[in-house]
Amino acid sequence: MVDVIQAGDIFLFEAPQESLLSRCIAALTNSTVSHTAVYCGENKIIEMGSTGIMENSISLVAEGQKTYVMRLNSHPDGSPIVTNAKKYLKQEVKYDYVSLFILCGLIIYREHHPTSKWQKVANFALRLGLKKLDELLNQQLNKSKKPVMMCSQLAYQSYLDSGKKYRIRFKQSLLEEQDQFSVNSGVRIADQLVDLPELDTFSNAEAQPVKDISNDKLAQKMLEAFEEEQEMNDQLDTATTWSPEVLKLAKQFLDTAEKWLEKINPDIPLEALFVTPADLLEHSSNLEQVAEVGTKRIW
């Protein structure tokens, strides 16, 4: 099996049950995977850890964490991918607030029935996400922080930086309405934003103070809303819409994310921020699974 894996391959890790954040990402993407890394050869991977980018050694063991190995179906040379991943490693890219932004992306771009619990969770998460995005934007303007990146964005961006033939393509844009990403035939906030007026004429979503909570606590709230939604599925009205306040907050969040991207790297598409491990595993038109292995990090 070791002979099958090549430098530049993408590793997608199944969500460990002990991690609320991982379980939340997997559940809300209708998948089992929650984390991404780039394989660099010689049993080493580059990944985003809790504080930033890092290189870790791994061993392939049957009892290890289930990991899917993905590769472009054109099978190009993987060395440019590794070079770009190591470039970000050298830059010491940070992981500040990124789990929070992933959760906000799951609220905006995945389908949910806007139950009362989901409305409250979305409102809180988007306010918190806006607060942290504003902090990052101010830090970037002051040039006091290093670049920031998401876990799946590391793989997506390392491929994108390698040239046109390396670009990971999806069956449909992550920012467009898409039936194949449906989890439960709910309503996507992103789709309802299409009918919103411009923000400068629709800006009554006031920035009320919001207390920080851990990503695990937010993930727990989202899991509870998701599980309640599943239990109520037969009783839910598919015509229900998200509240105007949630829609305004989502629009502000995306607008701020675009401003932040323009500052850190204008070449990064907005969709790269919200690529999830599930997208890489199930929704790409040019990635293929070449192996399924058990992995264990060597600390």
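Reckoned from all heavy atoms, side chains included, excluding hydrogens, waters and symmetry mates.
Residues Ser34 and Cys24 are not in side-chain contact: their nearest non-hydrogen atoms beyond the backbone lie 4.5 Å or more apart. The side-chain heavy atoms of Lys44 and Asn56, taken from C-beta on, include no pair separated by under 4.5 Å.
Note that the OG1 atom of Thr36 and the CD1 atom of Ile46 stand 14.0 Å from one another [nearest 0.5 Å]. Rounding to the nearest 0.5 angstrom, the gap separating the CG atom in Leu12 from the CG atom in Asp279 is 10.5 Å. Here CZ of Arg169 is found 7.0 Å from CG of Asn286. Values are rounded to the nearest 0.5 Å. Within the model, atoms CG of Leu193 and CD1 of Ile108 stand 7.0 Å from one another, a figure rounded to the nearest 0.5 Å. Separating the CD1 atom in Ile189 from the CG atom in Leu106 is a distance of 11.0 Å, to the nearest 0.5 Å. Asp9 contributes atom CG, which lies 8.0 Å from atom CD1 of Ile81 (distance to the nearest 0.5 angstrom).
Electrostatic pairing of Lys117 and Glu227 does not count as a salt bridge here, judged by no charged N lying under 4.0 Å from a carboxylate O. Lys90 has no carboxylate O lying under 4.0 Å from a charged side-chain N of Glu55, or vice versa, which leaves the two without a salt bridge. Lys251 and Asp255 are joined by a salt bridge, as a carboxylate oxygen and a charged side-chain nitrogen come within less than 4.0 angstrom of each other. Salt bridge annotation for Lys66-Glu292: present, with a cationic side-chain nitrogen under 4.0 angstrom from a carboxylate oxygen.
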Given the rule in the side-chain hydrogen bond (donor to acceptor under 3.5 Å, both in side chains) test, do Asn84 and Gln157 qualify, once you have shown the distances and angles that lead to the verdict? CA-CA 8 Å; Asn84 285 308; Gln157 196 65 36; over 6 Å; no

Evaluate side-chain contact (heavy atoms from CB on, under 4.5 Å) for Leu249 paired with Arg127, printing each intermediate quantity in order. CA-CA 7 Å; Leu249 287 168; Arg127 287 188 187 280; 3.8 Å; yes

Please evaluate residues Ser57 and Asn43 with respect to the criterion side-chain hydrogen bond (donor to acceptor under 3.5 Å, both in side chains), reporting the C-alpha separation (whole Å), side-chain torsions for both, the decisive distance (0.1 Å), and the verdict. CA-CA 6 Å; Ser57 296; Asn43 291 329; over 6 Å; no

Kindly indicate, with the supporting measurements, whether the criterion salt bridge (charged side-chain N to carboxylate O under 4.0 Å, His left out) is fulfilled by Glu47 and Arg297. CA-CA 12 Å; Glu47 60 184 333; Arg297 288 168 181 77; 2.8 Å; yes

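Side-chain contact of His75 with Glu288: a donor-acceptor pair under 3.5 Å is present, judged by distance alone. Judged purely by distance below 3.5 Å, without hydrogens or angles, the side chains of Gln65 and Thr295 never pair a donor atom with an acceptor atom. For the residue pair Tyr39/Gln6, the side-chain donor-acceptor check at 3.5 Å is not satisfied. Checked by atom type, the side-chain pair Ser214/Asp216 shows no donor-acceptor distance below 3.5 Å.
Using bins of under 30°, 30° to 60° and over 60° for the plane-to-plane angle, the ring pair Tyr166/Tyr159 lands in the perpendicular bin. Ring-plane geometry between Tyr109 and Phe274 is classed as tilted, the angle between the planes lying from 30 to 60 degrees on a 0 to 90 degree scale.
Residues Ile213 and Leu223 do not share a hydrophobic cluster, defined by chaining ILVMFWY side chains whose heavy atoms lie under 4.5 Å apart. The hydrophobic clustering, which links ILVMFWY residues whose side-chain heavy atoms are closer than 4.5 Å, places Val4 and Ile58 together. Tracing side-chain contacts under 4.5 Å through hydrophobic residues (I, L, V, M, F, W, Y), one never reaches Val82 starting from Phe11; they form parts of separate clusters. Met222 and Leu20 sit in two unconnected hydrophobic clusters of ILVMFWY residues. Membership requires side-chain heavy atoms under 4.5 Å apart, directly or through other members.
Contact detail for Trp242 and Arg188: the closest heavy-atom pair is NE1-C, 4.4 Å.
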